[in-house]
Amino acid sequence: MTAEILDGKKTSQKLLEELQEKVVNLPAKPVLAILLVGENPASQIYVNAKLKKAKSIGFETVFKQLPQNATQEEIISQIKLWNNDRKVNGILVQLPLPAGIDKNSVLNSIDPIKDVDGLTAYNSGLFYTGQAPYALPCTTRGILMLLKEYNIELKGKHAVVIGRSNLVGKPTAQALLFENATVTTCHSHTKNLESIIKTADIVVSAVGEKIVNGKILKNNCVVVDVGIFRTPDGKISGDVEFDSASQVASFISPVPGGVGPMTVIALMYNLLDLYLAQNIR
Ligand code: GUN
């Protein structure tokens with residue numbers, strides 16, 4: 001069989017149009033503030049994509065770039081300025097931060113009601129204990145939106161999440177658990193990874209290495225590829241060997257054009273949620 005494509009590009013465009021309709025009727029434009037520290041080329045591309053998408057929806061954006069050698073205090077001062085600026089509704093600190101900066105201290109300095117990435121300890125705590133956070137991490141929300149668009153049943157399914165980062169693996173595993181999937185989280189120390197993947201109805205891979213292929217997948221499984229990296233010959237690749245996997249799976253997300261655009265549109269929905277939360281207080 002050949003798998004149906006989980007088309008993140010198409011789905012995100014549809015969700016963008018729905019969001020534009022909601023935003024047009026708001027009394028003011030929601031404002032997204034993005035902080036980039038240093039000059040990581042991939043981060044610069046991602047940040048530009050987020051700013052561009054936000055503007056296309058009708059949001060206002062504020063962008064600040066600090067040098068690679070910015071101190072933690074300088075970074076946190078900038079966040080505090082935005083925390084205290086009533087016009088700013090959502091604050092995003094692009095990751096990774098330069099070595100030597102304590103990521104958690106930086107993220108936790110964001111006012112939770114402006115935490116558009118859902119990465120503060122406050123919002124994580126709410127989320128992992130089954131209470132509604134102000135925002136869910138964007139990749140996780142994007143994956144859920146993509147699976148919903150294709151009516152993928154999660155209840156009772158065995159979901160295998162490969163990767164345990166705070167950004168993707170952990171929140172995605174938790175979200176799938178809330179959807180009543182039976183969830184296994186795998187990581188670099190997992191033994192018999194391939195035999196575990198073989199039992200998965202749903203595979204979410206978020207490691208940044210080519211580790212999934214058709215031979216280790218169960219027939220008709222659903223494959224969500226979160227990985228994105230450049231191969232030595234400069235090509236953009238995901239974690240999944242697309243050609244062999246799509247012969248076995250029932251649904252598969254491509255790279256590019258799968259989870260990437262869904263992460264960006266989820267960020268935009270998060271911003272709207274924060275704006276609404278701030279305007280009913
Ligand atoms: N770097 C890679 N993905 C993300 C993301 O979703 N949010 C932030 N802040 N940084 C990232």
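No hydrogens, no waters, no symmetry mates; every other heavy atom, side chains included, goes into these values. Counting starts at 1 for both ligands and their atoms, in listed order.
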Side-chain ion pair, Lys9 and Asp7, N-O less than 4.0 Å: no
Is any side-chain N of the basic residue among Glu149 and Lys14 closer than 4.0 Å to the acidic one's carboxylate O? yes
For atom 3 (N) of ligand 1, which of the options Val226, Leu167, Val93, Val168 provides the nearest non-hydrogen atom?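 Shortest heavy-atom distance from atom 3 (N) of ligand 1: Leu167.
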Aromatic contact, Phe178 with Phe127 (centres under 6.0 Å):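 Ring centroids of Phe178 and Phe127 are less than 6.0 Å from each other.
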Atom 11 (C) of ligand 1: the protein heavy-atom neighbour that sits closest, reported with distance to 0.1 Å: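 Minimum-distance protein heavy atom for atom 11 (C) of ligand 1 reads Gln94 NE2, 3.4 Å.
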Note the single closest protein heavy atom to atom 1 (N) of ligand 1, along with its residue, its atom name and the distance in Å. Leu95 O, 3.0 Å
Among side-chain atoms of Lys114 and Gln278, is any donor-acceptor pair under 3.5 angstrom?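 Note: Lys114 and Gln278 side chains miss the donor-acceptor criterion.
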Considering the heavy atoms of Asp117, write down every atom of ligand 1 situated less than 4.0 Å from one of them.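 Those qualifying, in numeric order: 6 (O), 7 (N), 8 (C), 9 (N).
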